Every structure is written in C-alpha cells, then in structure tokens.
Amino acid sequence: MKKIIHHCLNYKLPVLICLLFLSGCEDFLEVEDPLGQVNSAEVFQDETTATAAVTTLYGKLRDEVLLTGKSEGLSALMGVYSDELTYYGFGGEPMDNFYQHLVLPDDLIVENLWNGSYSLIYMGNAILEGLAVSPDLDPEIKKQLRGETLFVRSLVYFYLAELFGEIPYPNGTDYEVNRSLAKQPVSIIYENIIADLTEAQGLLGTSYISGERVRANKMVVTALLSRIYLYMEQWDFAVLQSSALIDDPNFILEPDVEEEFLKESSSAILQFKPRAEGDNAQEAQTFLFAFGPPPLVSLNSQLIENMEPNDLRREFWIGEITDGNETWYFPKKYKLKENTGTSMEYSVIFRLSEQYLIRAEAFARLGNLASAKEDLDVVRNRAGLLDSGATTESEVLTAIQMERYHELFSELGHRWFDIKRTGLANEILAPIKAGWKPTDVLLPIPENELLMNPNLKPQNPGY
C-alpha cells in the first residue's frame with residue numbers, strides 16, 4: 001500500500017477520517033464535503049457527514065479505483081489483457097505491457113491497482129469503526145451506512161482476489177496488525193466476502209435510498225452475491241440469488257438495447273452517477289473516437305465477426321470508423337462525450353442481463369437445460385435474435401459463454417474473468433499473444449509490497 005497509508009494507519013480515527021476527505025471527498029450525491037464544517041470527531045455523529053464518508057467510497061471507485069471508466073479502470077485494462085480490445089497507444093506504455101503480456105512486479109498499473117484498492121479498503125474499515133463507536137447517529141442510518149460499506153469493501157476484495165489470487169485481508173485499521181498480514185487463500189477471502197454480504201443483505205432494504213440506483217441496497221448486494229456464487233461454482237446459490245433479482249418487478253430487462261445504458265434504464269441494478277451534473281459516463285471518453293487509427297484502443301474485430309446477423313447490439317453498441325483502407329470498431333454503449341446540461345448516461349456496474357446469464361449458466365451446470373435455454377433466450381431475443389439452437393449441455397454452456405461475450409463486452413473486465421474462471425485463457429490467448437504465459441492468469445504482487453511485508457511471499461508464479 002502507499003507509504004502515506006502505512007504512515008497514517010496508526011493515527012486516531014478522527015484524524016484518519018480527515019485524511020480520507022483530504023485524499024478526495026467527491027460530491028458523489030451532491031453532499032457537501034464535511035471537512036471544515038464540523039470537527040472531525042463529529043463525522044459519525046451527524047447523518048450528513050457520515051453519509052458523505054460512505055459516498056466518498058463510490059466516488060473513489062468511479063474516479064480512481066478499479067471500476068473507473070477511465071483508461072486505468074478494469075474495462076480498458078482487462079480488455080487489452082484479454083482478446084477483447086486491441087491497443088493502439090504508444091509502445092512501452094504500461095497499458096501496452098498489459099496488451100503484450102509483459103507485466104512485471106514493478107509495473108506502475110499493477111502498483112496502482114493494489115494501492116488504490118487497499119487504500120479504499122482502509123477507508124471502509126475506518127468508516128466501519130467510526131460507525132460502531134458513534135453514540136448519536138440514528139440506528140437505522142448506521143445500518144444503512146454499515147451495509148453499504150460492507151458491500152463496497154466486498155466488491156473491492158472480489159476484484160483483488162480475481163486479479164491477484166491469494167491476498168491479505170485487513171478488516172481493521174491497526175497499523176501493527178496490517179503491516180505484516182500474510183496472504184489468505186481465495187477460498188477464505190470469498191468466505192469473508194459472503195459473510196459480509198449476507199450481513200449487508202440483512203441491514204439494507206430493497207428501496208434505493210437516494211431515489212436513483214446509485215447507492216447499494218439489498219438487491220445490489222444480491223447481484224454481487226449471485227456473481228460470486230457463480231465464480232465459486234456453487235450453482236444452487238447462484239440460482240437463488242439471481243432469481244431474487246429476475247423475479248423482482250422493480251427490474252425489467254430494458255426492451256430497447258439502445259436505452260440500456262441511459263440513467264433511467266429499467267435493467268440497471270447499480271450505476272455510478274457522474275461527478276458533475278451534465279457530465280456523462282467516463283467510458284465514452286475512453287472508448288469513442290472519430291477517426292483512425294484509434295488513439296488508444298479498438299474492439300477486436302473477431303468479436304464483430306462472431307456476432308450473428310441482425311444482432312441489434314452490433315448496430316447500437318458498436319461503432320465503426322474507416323479510412324477507406326482499414327476499419328476500426330469501438331464500444332459505443334455510452335455515446336455522450338460532451339456535457340449535456342443534464343446527465344443522461346450513468347456508468348453501469350450491475351445490470352439485469354448479467355443475472356439472466358448467471359442463472360442460465362448455473363441451471364446448465366445443474367442439468368436443467370430447459371431453464372438454462374429459457375434464460376439465455378431472454379437475452380438473445382432482446383438483442384433481436386432467435387432462440388438458441390443449442391441442445392446438449394456442452395452446446396448450451398458454449399452458447400451462454402458466447403452470449404456473455406457479446407452482451408458484456410467492454411464492461412469491467414467480464415471477458416477476462418470469464419475466460420480465466422472457465423480455464424479457457426491459455427487456449428484463447430496463446431495463439432494471439434506472443435508474450436502470454438499460462439501463469440498470466442494472475443497479476444504479480446507489487447514488488448514494493450513484497451519488500452515492505454515479507455509475509456506476502458512467495459510472489460505469484462511466473463514473476
């Protein structure tokens with residue numbers, strides 16, 4: 001973790017909360033920065049400032065850590081790491097190392113992924129401790145804020161475990177404890193995540209507290225649990241959690257694919273609201289381009305070639321630029337780069353079609369092919385396609401994976417995590433990535449972290 005975090009971990013909680021806001025309190029929900037308004041010791045005695053502490057976590061994810069739509073977020077990084085995006089930026093840049101599979105333990109992007117994530121986890125732990133000792137905050141507010149913080153911390157740990165494998169799991173702010181934590185097996189990390197998410201489900205209601213779908217409620221927590229059970233191959237639990245969302249009348253698969261990523265989408269389960277009114281999703285800034293060659297990345301043409309004729313996602317979610325000799329493709333799920341006065345597109349973190357595909361895969365693994373195909377065809381039909389012709393379990397599972405590829409492309413690394421968890425990464429990437437090694441299924445632990453904490457050894461294989 002960053003040296004400043006190492007140095008400040010032994011401060012008292014009020015000072016730490018000040019540092020939290022100094023490090024980037026975002027007006028995620030147009031809540032004013034509490035710094036300067038109240039003494040730091042009062043942050044968790046006042047609903048407004050306590051809420052601002054929690055919404056800062058979402059702002060960090062949106063702008064800096066893991067899920068940002070910028071080039072340093074997982075949508076772009078793991079897109080070039082897999083077979084999803086082709087890199088066109090300058091050679092030798094950190095993103096080029098991801099594309100070429102030349103990542104080393106001293107890689108700047110790897111260090112930033114690790115540091116940013118653990119900094120955010122530390123903030124979450126500080127908030128949980130502050131809420132626990134607050135004598136004046138309304139109990140219902142404390143439940144809401146605790147549930148949201150447990151969700152955010154779980155979400156970050158989920159991605160860290162998928163990216164790095166075995167990792168340390170600090171759940172407090174004690175510097176002497178955190179500085180020497182050893183790595184935990186992924187199975188233990190997932191057990192901790194599930195325990196936290198189960199608690200969060202009990203703390204949170206089904207309504208969105210702000211009106212918009214931009215803060216976690218019980219159903220957002222359920223969406224993450226559904227995904228985790230899928231990754232853990234606990235098929236029955238994946239069916240149970242995804243069904244809770246699919247059967248909820250508050251979520252309806254958006255009939256028009258062109259409106260899937262608008263802020264009013266009925267498919268949205270969790271979105272990130274832009275930082276300023278009138279701004280739109282950052283993904284548009286990263287992926288859209290008006291002339292070739294692309295300034296940063298383009299979609300791998302294989303994705304387009306694999307799409308069936310009349311797939312509406314090809315028409316509405318993929319843009320095309322040609323110079324007369326060469327053609328480049330780009331994701332245009334988000335279409336608005338400029339300020340529009342009133343924000344129209346929010347970044348989507350969880351949406352309903354993923355839940356249909358989670359349940360379809362879990363049903364197929366359980367041998368219930370009829371139900372699996374029914375869920376698969378819901379997603380296909382919305383895209384303007386006929387029902388799948390798959391009949392055997394193998395064919396149905398292959399069709400589901402292809403549908404995930406066509407439905408979830410350029411979203412938060414889904415493609416990479418799918419080929420990793422299904423054991424297909426080597427088969428798919430070895431023929432097209434000269435630098436690929438089978439050990440690249442995990443990123444290296446940052447070199448600086450191994451030097452500061454020998455208990456993190458050994459380094460991940462291959463590095």
Side-chain angles (χ1 to χ4, degrees), residues 1-2 20 23-29 54-82 84-85 87 89 93-95 98-99 107-124 148 151-160 162-164 213-216 220 224 261 263 268-276 278-289 295-297 330-337 339 343 345-351 408-417 443:
M1 303 170 204
K2 290 180 181 177
L20 184 155
S23 67
C25 180
E26 311 298 346
D27 294 334
F28 188 74
L29 297 171
V54 173
T55 57
T56 294
L57 302 178
Y58 296 102
K60 287 285 188 180
L61 284 171
R62 178 199 62 204
D63 294 336
E64 302 173 20
V65 181
L66 293 173
L67 306 188
T68 176
K70 300 175 184 177
S71 61
E72 58 266 32
L74 296 183
S75 294
L77 284 179
M78 306 320 292
V80 299
Y81 200 73
S82 67
E84 191 172 54
L85 297 175
Y87 177 73
E93 292 293 318
M95 182 178 277
F98 267 62
Y99 179 60
D107 186 275
L108 180 62
I109 290 179
V110 170
E111 186 173 354
N112 288 341
L113 287 171
W114 182 282
N115 287 340
S117 298
Y118 275 107
S119 177
L120 191 60
I121 287 168
Y122 177 79
M123 292 178 182
E148 289 185 78
F151 163 76
V152 172
R153 187 175 73 176
S154 297
L155 184 64
V156 175
Y157 271 129
F158 162 73
Y159 281 112
L160 278 174
E162 287 301 316
L163 291 169
F164 294 98
R213 300 179 180 188
V214 297
R215 289 175 58 186
V220 172
L224 178 55
F261 296 89
K263 67 178 181 180
I269 300 170
L270 179 67
Q271 304 165 310
F272 284 166
K273 184 176 182 177
R275 182 168 183 166
D279 286 348
N280 293 287
Q282 294 169 336
E283 287 82 353
Q285 299 288 336
T286 301
F287 292 128
L288 300 186
F289 55 89
L296 185 65
V297 295
F330 58 88
K332 64 168 186 177
K333 291 177 173 179
Y334 302 97
K335 301 171 174 59
L336 302 172
K337 295 180 67 172
N339 187 291
S343 298
E345 294 177 341
Y346 290 0
S347 296
V348 176
I349 307 304
F350 290 96
R351 58 191 182 95
L408 302 173
F409 69 86
S410 73
E411 294 183 53
L412 305 174
H414 275 293
R415 173 62 173 176
W416 164 249
F417 296 123
L443 296 177

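For clarity, every value in this text was computed on a predicted model and none was experimentally measured.
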Could you tell me which non-hydrogen atom of Y334 sits nearest to which non-hydrogen atom of V348, and how far apart they are? OH-N, 2.8 Å

Non-neighbouring partners of Y157 that pass ring pair (Phe, Tyr, Trp, His ring centres under 6.0 Å), sequence neighbours left out: Y169

Anything under 30° is parallel, anything over 60° is perpendicular, the rest tilted; go ahead and classify F272 against Y58. perpendicular

What do the steps show when you test F417 against L408 for side chain to side chain contact (heavy atoms under 4.5 Å, CB included), and what is the final call? CA-CA 11 Å; F417 296 123; L408 302 173; over 6 Å; no

Hey, could you give me the CG/CD distance between L336 and Q285, rounded to the nearest 0.5 Å? 10.0 Å

Can you confirm whether L296 sits close enough to F289 that some side-chain heavy atom of one is under 4.5 Å from a side-chain heavy atom of the other? no

Any chance you could measure L160, atom CG, to E162, atom CD, to the nearest 0.5 Å? 10.5 Å

With rounding to the nearest 0.5 Å, note down the distance linking NZ in K60 to OG in S119. 6.0 Å

Sequence-distant partners of T68, side chain to side chain contact (heavy atoms under 4.5 Å, CB included), two or more places apart: K70, E72, Q282

Heavy atoms, side chains only, cut-off 4.5 Å: are Y159 and S117 in contact? no

What I'd like to find out is whether the side chain of L74 reaches to under 4.5 Å of the side chain of L113, using heavy atoms alone. yes

Sequence-distant partners of Y87, ring pair (Phe, Tyr, Trp, His ring centres under 6.0 Å), two or more places apart: none

Kindly indicate whether the side chain of V214, heavy atoms from C-beta on, has any atom under 4.5 Å from the side chain of T55. no

Enter the distance from F261:CZ to K332:NZ here, rounded to the nearest 0.5 Å. 13.0 Å

Evaluate the side-chain proximity of K273 to S343: yes if any heavy-atom separation is below 4.5 Å, no if none is. no

Would you check, one step at a time, whether the test side chain to side chain contact (heavy atoms under 4.5 Å, CB included) holds for R62 with S347? CA-CA 8 Å; R62 178 199 62 204; S347 296; 5.7 Å; no

What heavy-atom pair brings S75 and L412 nearest, and what distance separates the two atoms? OG-N, 2.7 Å

What residues form a ring pair (Phe, Tyr, Trp, His ring centres under 6.0 Å) with F151, not counting sequence neighbours? none

Nearest-0.5 Å distance, CZ of residue R415 to CG of residue L85: 11.5 Å

What do the steps show when you test L66 against L120 for side chain to side chain contact (heavy atoms under 4.5 Å, CB included), and what is the final call? CA-CA 10 Å; L66 293 173; L120 191 60; over 6 Å; no

Heavy-atom side-chain contact between M95 and S71 under 4.5 Å: yes

Which pair of heavy atoms, one from E84 and one from F409, lies closest together, and at what distance? OE2-CA, 3.0 Å

With a 4.5 Å heavy-atom cut-off, do E148 and L57 have their side chains touching? no

Which residues satisfy the ring pair (Phe, Tyr, Trp, His ring centres under 6.0 Å) test with Y99, sequence neighbours excluded? none

If you apply the rule side chain to side chain contact (heavy atoms under 4.5 Å, CB included), what do you find for L443 with D107, and how did you get there? CA-CA 10 Å; L443 296 177; D107 186 275; over 6 Å; no

Is there side-chain contact between M78 and F98, with heavy atoms separated by less than 4.5 Å? yes

Assess whether a salt bridge exists between E345 and K335, defined as any Lys/Arg side-chain N lying under 4.0 Å from an Asp/Glu carboxylate O. no

Tell me, please, which residues at least two apart from E411 pass side chain to side chain donor-acceptor pair (under 3.5 Å). K333, R351

